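Here the structure comes first, spelled out in structure tokens, and everything after it is commentary.
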Protein chains: 2
Amino acid sequence: MQQAGRRKKQHTMADVARAAGVSKSTVSRAFTQPEMLGTETVERIAAIAKTLGYVPNHTARALSTGRHGNLALIVTDVANPFFPPLIRAAQMEADGSDFCVFLGNSDENPRQEDKLVDRFVSQVEGLILVGSRLGAERIQHHAGRRPLVLINREVTGIPRVLIDSTTGVRQAIAHLAALGHRHIVYVSGPSSSWANRQRRNALRLAARQHGIEVDVLSARVPSYESGRAVVAELIESRATAAVAFDDLIAQGIMTGMAERGIPIPEAFSLVGCDDVLGAATYPSLTTVSNRSDEAGRAGVTLLLDRLSGRMAGDTRVVLDTHLVVRQTTAAPASGQRRQGG
Amino acid sequence: MQQAGRRKKQHTMADVARAAGVSKSTVSRAFTQPEMLGTETVERIAAIAKTLGYVPNHTARALSTGRHGNLALIVTDVANPFFPPLIRAAQMEADGSDFCVFLGNSDENPRQEDKLVDRFVSQVEGLILVGSRLGAERIQHHAGRRPLVLINREVTGIPRVLIDSTTGVRQAIAHLAALGHRHIVYVSGPSSSWANRQRRNALRLAARQHGIEVDVLSARVPSYESGRAVVAELIESRATAAVAFDDLIAQGIMTGMAERGIPIPEAFSLVGCDDVLGAATYPSLTTVSNRSDEAGRAGVTLLLDRLSGRMAGDTRVVLDTHLVVRQTTAAPASGQRRQGG
DNA sequence: CTATTCCGTGCAACCGGTTGCACGTCAAGC
DNA sequence: GCTTGACGTGCAACCGGTTGCACGGAATAG
């Protein structure tokens with residue numbers, strides 16, 4: 001019946017108990033509440049467990065305590081460079097509290113996301129949803145089953161971590177204004193994205209305050225290709241600078257400009273968002289930091305606090321952002337701009 | 001706080017059984033072996049379970065069957081762009097078989113990797129180690145506890161998936177040779193990396209066959225910065241082209257060259273490895289594909305096959321690679337000056 | 001019409017820990 | 001010397017499913 005037989009012979013608590021001449025309970029307590037037992041008993045059991053190579057069974061423990069020491073992290077797209085730092089930070093933070101993390105990739109698909117939650121929910125103590133595409137009522141529902149934390153998604157009553165691009169975008173506009181730009185373009189990302197709405201609004205507001213004219217162009221999806229595709233329109237707009245929804249789009253724009261012989265930043269200034277490329281473009285990209293790693297860390301902390309009952313109610317952590325000035329912004333060419341050939 | 005209070009009230013099999021007027025066993029079988037029950041019984045139970053919002057408890061099931069439906073994926077660095085596609089593919093492949101994946105990030109640290117394995121091992125059916133930094137004996141040891149699959153790591157007797165850069169590197173050399181290069185540099189990655197050794201050796205061999213002289217420079221770590229840092233030496237070498245251990249290094253080199261006003265590919269040709277940047281550099285990078293997504297998929301498949309007893313012994317899956325020619329390679333400048341048309 | 005299968009279902013014993021409660025012992029308190 | 005309490009340990013009932021086996025009734029065979 002059981003194949004590959006010899007591998008499975010893990011020792012159980014009963015084995016240790018027998019070998020030590022005590023009961024299961026004592027062995028159990030030797031591991032979980034040693035202060036409750038006689039010192040030498042604990043030591044003896046520990047020694048025997050070690051020789052036997054006994055390791056407590058996580059699953060059994062989880063079943064009786066309801067505490068798995070696991071949490072689920074569900075993201076929309078692992079391959080989007082925004083996420084890896086977040087995932088990494090979350091994983092390490094969890095690890096520091098002896099938690100294991102389940103990773104789910106919803107592929108931007110709400111149904112898939114729902115399915116993942118269902119699959120995970122019974123083996124984790126809590127969930128973190130990053131940029132969830134789920135409707136508010138589904139999120140509420142899931143939150144009713146397990147402690148739930150959101151990152152970059154706003155649902156009242158659910159603890160959440162928000163990366164506030166507003167501050168960074170405002171700085172970007174101030175920066176462009178100071179350089180002398182009067183007409184810029186916002187290259188927008190997915191309309192269903194909370195971050196996109198936030199950035200667009202912040203940008204419009206700040207631009208108005210600085211007396212800068214704003215056009216909005218839409219890159220259908222946040223990718224290098226769509227950034228490159230939007231360049232023609234960008235040039236047509238006769239703006240002198242652009243702020244892109246994210247760095248990927250910005251990178252595409254850089255290529256598109258380079259292909260047309262339009263030098264950045266001399267003839268056109270460009271600001272990205274998210275700072276996922278580090279300085280790894282040439283010229284290096286001026287961008288708004290995203291602090292996604294901190295968001296990941298904060299998400300885990302929030303969840304863990306929640307689990308230990310240290311925190312209740314409607315927590316809302318906001319991480320502000322700031323502009324990282326690198327080399328893609330400069331004063332606009334005086335009066336005229338080059339025509340693409 | 002009604003919501004918080006009611007949270008743990010997950011329905012159990014007993015609830016469903018009571019509501020349906022049957023026994024637990026019947027409910028259990030309705031989910032796991034429906035063909036054993038009357039059709040209308042199954043339907044009725046399914047309907048009731050649905051209204052109640054019942055979801056089987058994964059942990060309890062795992063305890064009695066010994067089958068958790070989980071697997072662990074341990075990588076050295078989530079943030080390295082090589083991994084996300086692999087992780088994504090693995091996750092989706094696992095998902096197709098109703099498996100959940102634990103993600104571990106060892107941060108290039110063998111001790112951390114060991115620790116992760118220990119933490120995961122009792123709650124997964126099998127493990128996948130990608131580019132493991134563990135010694136062979138540790139790997140053997142872990143493989144003795146649970147089915148284990150390696151990706152890009154060679155340990156005899158352990159099933160493994162290897163991305164064979166040899167084919168792609170050979171094509172790269174042939175390509176450079178055809179363009180007329182006679183002296184190139186290999187910019188090496190981490191010396192403990194299996195992939196690095198493989199690439200270096202393949203390159204040397206192929207170069208010899210084409211009568212090309214090879215220097216080796218070392219970028220300490222595979223990153224943009226270390227690529228940029230190696231440029232000075234690169235120029236000093238007076239080689240006309242370079243093959244970098246990975247795309248990140250190559251990207252750094254591009255920047256370093258650009259900063260010195262050396263145009264690529266006119267004055268210097270460059271080939272990356274891994275194809276993690278897509279075409280997202282300017283000029284777009286000629287590189288050796290890595291197929292990391294396929295490796296992830298293959299790893300999961302291998303493990304799952306293993307678990308179902310469909311496969312035994314010393315499996316070794318090799319994925320070959322190929323050169324993707326883009327825009328960073330051209331004929332070397334003749335003498336000191338560029339050659340027109 | 002009785003004997004024999006077969007089928008659908010229930011019973012109860014697991015899986016491997018945890019934990020409330022009870023019990024026995026030994027020492028301090030009166 | 002007897003009571004009391006603290007302390008160390010064992011008993012047994014969970015946690016929420018799975019599964020071998022038994023059982024009753026209907027269908028089929030004789």
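Since the model is a prediction, treat every value here as computed from it, not as a measurement. Letters A, B, ... mirror the listed sequences (proteins, then strands); counts begin at 1.
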Note, B:E294 side chain near B:V161 side chain (heavy atom, < 4.5 Å): no
Using whole Å, report how far NE2 of A:H11 lies from P of C:dC15. 16 Å
How close or far is atom P of C:dC15 from atom CG of B:N57, stated in whole angstroms? 18 Å
Charged N to carboxylate O under 4.0 angstrom, A:R145 versus A:D118? yes
Every protein N/O within reach of nucleotides 4-6 of chain C N/O, cut-off under 3.5 Å:
none

Whether the side chain of B:R153 engages the backbone of B:S132 through a donor-acceptor N/O pair (distance < 3.5 Å, no angle test) should be reported. yes
Atom pair distance, as rounded to whole Å: CZ in B:R61 and C1' in C:dC14: 17 Å
Tell me whether A:N105 contacts the main-chain N or O of B:R88 through its side chain, where contact means a donor paired with an acceptor under 3.5 Å. no
B:A60 or B:R44: which one's nearest nucleotide on DNA chain C is closer to the 5' end? B:R44
Expected list for residues 23-43 of chain A near DNA chain D, using heavy atoms below 4.0 Å, is A:S23, A:S25, A:T26, A:R29, A:M36, A:L37, A:G38, A:T41
Tell me: CD of A:Q123 to P of D:dG17, nearest whole Å? 13 Å
To the nearest Å, how far apart are A:L63 CG and C:dC15 P? 14 Å
Any donor-acceptor pair under 3.5 Å linking the side chain of B:D293 with the backbone of B:A89? no
Taking the side chain as C-beta and beyond, is there a heavy-atom pair between B:L303 and B:E125 under 4.5 Å? no
Taking the side chain from B:S122 and the backbone from A:T59, do they hold a donor-acceptor pair closer than 3.5 Å? no
I'd like to know if the side chain of A:S292 reaches the main chain of A:P85, judged simply by a donor and an acceptor atom lying under 3.5 Å from each other, with no hydrogens or angles considered. no
Salt-bridge contact A:R18-A:D15 (side-chain N to carboxylate O under 4.0 Å): yes
I need the CZ-C1' distance between A:R67 and C:dG17, as an integer number of Å. 14 Å
Once you round it to whole Å, what is the distance between C1' of C:dC15 and NE2 of A:H58? 16 Å
